[in-house]
Novice: 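I'd like to ask some things about the structure below.
Since this is a predicted model, take the numbers as computed values, not measurements.
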Amino acid sequence: MATFINEPSHTFNEYLLIPGYSSSECIPANVSLKTPLVKYKKGEKPAIMMNIPMVSAIMQSVSGDRLAVALATEGGVAFIYGSQTIEDEAAMVRRAKNYKAGFVVSDSNITPDATLADVVALKEKTGHSTIAVTDDGTATGKLLGIVTSRDYRVSRMDFSTKVSEFMTPFSKLVWAEEGTTLKTANDIIWDNKLNSLPIVDKEGNLCYMVFRKDYDMHKQNPNELLDADKRYVVGAGINTRDYAQRVPALVEAGADVLCIDSSEGFSEWQKLTIAWIRERYGDTVKVGAGNVVDAKGFRFLAECGADFVKVGIGGGSICITRETKGIGRGQATALIDVCAERDRYFEETGIYVPVCSDGGIVHDHHITLSLAMGADFVMLGRYFARFDESPSTRVSIGGTYYKEYWGEGSARARNWQRYDLGGDKKLSFEEGVDSYVPYAGSLKDNVAVTLAKVRSTMCNCGALTIPELQEKAVLTLVSATSIVEGGAHDVIQKDKNTVIK
């Protein structure tokens with residue numbers, strides 16, 4: 001007979017934190033969310049410490065180079081998706097690593113032969129009102145002009161009007177040459193009362209855009225996660241099939257940390273992948289592994305040499321692995337089990353292997369619960385897919401904006417490598433769905449609110465650091481009735497837009 005675990009596995013929603021004593025020093029401003037990303041030996045410092053405990057999922061609809069820059073700006077790490085060609089993934093990594101704070105590669109570009117209808121459609125897709133007009137419609141084409149919301153009025157113009165008829169032509173633009181420092185560029189912006197400044201090379205090709213709003217943002221980002229050369233820290237996903245070709249390309253592109261993207265990591269395939277990396281690069285290339293849901297899985301990957309271990313199978317909002325294959329475990333129970341083994345492994349070996357909780361995060365407070373249960377950081381997909389910086393398209397449905405969001409195991413992504421069991425190179429059946437998530441605006445604004453909640457809850461528990469939270473936290477299981485009690489109930493809620501006179 002099979003081995004039976006008679007205790008039910010639980011989700012985050014079934015737990016609450018019991019408040020602890022809070023001293024007068026325990027205020028959100030004093031809370032540090034620094035956490036290790038990769039393993040380290042007792043008494044030593046980890047090679048990479050994050051300033052916030054958040055990384056983005058290795059997914060087509062989540063982690064591109066724009067999100068990598070935005071998340072590193074806030075102190076976390078994005079893992080650029082690996083279900084693309086090696087060349088394309090390396091190019092994304094390279095763009096993120098070469099990104100100069102304040103110098104933005106334009107992602108809203110159009111040709112002069114395009115129409116007002118195209119401008120409106122592009123603005124709706126990207127959310128950006130400043131559009132570069134180049135000869136070939138690319139971010140590096142010859143700059144012919146700029147279109148902003150001041151150049152047209154939808155209510156008074158024909159949608160077939162050519163861009164060339166209403167754009168601000170290059171001859172009337174204030175611009176700067178390639179090589180201009182950020183300080184000088186900002187001085188030009190302020191002196192000329194501009195919202196943006198194009199940076200062009202000697203041939204007149206567009207290189208970057210510098211925006212007025214980015215000046216303030218740069219000053220407001222003390223948590224930026226940078227490498228030794230003051231470039232953003234960037235992660236990248238790999239698989240257990242083409243690692244011999246993909247890993248060297250990503251390392252050459254500058255990736256700071258890699259992660260094996262797999263739905264189930266307790267396998268010889270991951271052991272072989274990690275062994276290949278260690279044989280050729282030693283410990284200089286950092287690589288996470290997973291996913292696992294129990295102590296045995298963690299111990300296996302830790303002994304294989306993983307720099308961190310991901311926990312979670314089937315808990316993602318777009319994942320249907322549990323439905324299709326009947327494998328997985330409640331995320332909270334899996335995390336508690338793995339983190340206990342992580343601590344035992346540390347006691348035995350003196351090597352601390354960080355644990356990443358991947359999946360099952362529905363509400364912001366679930367992040368705090370996962371940290372209290374032992375996670376060093378969380379990996380989020382749906383959360384980041386909602387933002388401007390994710391690679392997916394923003395669409396309007398019934399007057400409400402959404403972002404497209406699809407699983408790596410969906411027919412759309414067809415990421416067979418993630419579910420590879422050594423068979424044919426194909427996705428035999430779906431383990432993910434194609435969906436929409438409510439559009440939520442910028443990453444920066446949303447992450448700030450989420451982390452404010454985390455810091456506040458930590459103070460309620462009397463903790464100023466994540467290790468202190470894990471030491472002091474007291475968790476209680478709650479009943480189904482208690483979960484209902486925890487939300488608004490027995491009242492008629494007012495419409496938030498209602499004005500009471």
Novice: If the condition is side chain to side chain donor-acceptor pair (under 3.5 Å), which residues does Glu177 pass it with, not counting sequence neighbours?
Specialist: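 For Glu177, no residue satisfies side chain to side chain donor-acceptor pair (under 3.5 Å) once neighbours in sequence are set aside.
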Novice: Just verifying a value: how many Å separate Ser61 OG and Lys403 NZ, rounded to the nearest 0.5 Å?
Specialist: 9.5 Å
Novice: Going by side chain to side chain donor-acceptor pair (under 3.5 Å), name the residues that satisfy it together with Ser396, two or more places apart in sequence or in a different chain.
Specialist: none
Novice: State which residues pass side-chain contact (heavy atoms from CB on, under 4.5 Å) with Thr126; sequence neighbours excluded, sorted by chain then number.
Specialist: Ser108, Leu122, His128
Novice: If the condition is ring pair (Phe, Tyr, Trp, His ring centres under 6.0 Å), which residues does Tyr352 pass it with, not counting sequence neighbours?
Specialist: Tyr40, Phe346
Novice: Do Asp113 and Thr111 meet the criterion of a side-chain donor-acceptor pair at a distance under 3.5 Å?
Specialist: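 Looking only at side-chain atoms, Thr111 and Asp113 do not form any donor-acceptor pair under 3.5 Å.
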Novice: Do you know which two heavy atoms are closest between Arg66 and Glu389, and how far apart they sit?
Specialist: CB-O, 3.7 Å
Novice: Among all residues two or more places apart in sequence or in another chain, which pass the side chain to side chain donor-acceptor pair (under 3.5 Å) test with Arg386?
Specialist: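 In terms of side chain to side chain donor-acceptor pair (under 3.5 Å), with neighbours along the sequence ignored, Arg386 is linked to no residue.
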Novice: Applying side-chain contact (heavy atoms from CB on, under 4.5 Å), can you list everything that pairs with Ala289, at least two apart in sequence or on another chain?
Specialist: Ile260, Gln270, Ile274, Leu301, Ala306
Novice: List for me each residue that meets salt bridge (Lys or Arg N to Asp or Glu O under 4.0 Å) alongside Asp283, sequence neighbours excluded, and say none if there are none.
Specialist: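 Per chain and number, Asp283 pairs via salt bridge (Lys or Arg N to Asp or Glu O under 4.0 Å) with Arg278.
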Novice: Do the side-chain N and O atoms of Ser392 and Tyr405 include a donor-acceptor pair separated by under 3.5 angstrom?
Specialist: no
Novice: With sequence neighbours left out, write down each residue that passes salt bridge (Lys or Arg N to Asp or Glu O under 4.0 Å) with Arg329, or none if nothing qualifies.
Specialist: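 For Arg329 the salt bridge (Lys or Arg N to Asp or Glu O under 4.0 Å) partners, ignoring immediate neighbours, are Asp337.
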Novice: Do you know which of Met54, Met458, Met50 makes side chain to side chain contact (heavy atoms under 4.5 Å, CB included) with Leu33?
Specialist: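 Output: one option passes, namely Met458.
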Novice: Among all residues two or more places apart in sequence or in another chain, which pass the ring pair (Phe, Tyr, Trp, His ring centres under 6.0 Å) test with Phe377?
Specialist: Phe308
Novice: Taking only residues two or more places apart in sequence, or in another chain, which ones meet Lys183 in a salt bridge (Lys or Arg N to Asp or Glu O under 4.0 Å)?
Specialist: Asp187
Novice: So among Thr73, Asp388, Asn221, which one has a side chain to side chain donor-acceptor pair (under 3.5 Å) with Lys444?
Specialist: Asn221
Novice: List for me each residue that meets salt bridge (Lys or Arg N to Asp or Glu O under 4.0 Å) alongside Arg455, sequence neighbours excluded, and say none if there are none.
Specialist: none
Novice: By side chain to side chain donor-acceptor pair (under 3.5 Å), which residues pair with Thr450, not counting sequence neighbours?
Specialist: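 If we apply the side chain to side chain donor-acceptor pair (under 3.5 Å) test to Thr450, skipping adjacent residues, the hits are Asp364, Tyr383.
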Novice: Applying the side chain to side chain contact (heavy atoms under 4.5 Å, CB included) criterion to Val77, which one of Leu71, Leu225, Asp256, Asn51 satisfies it?
Specialist: Leu225
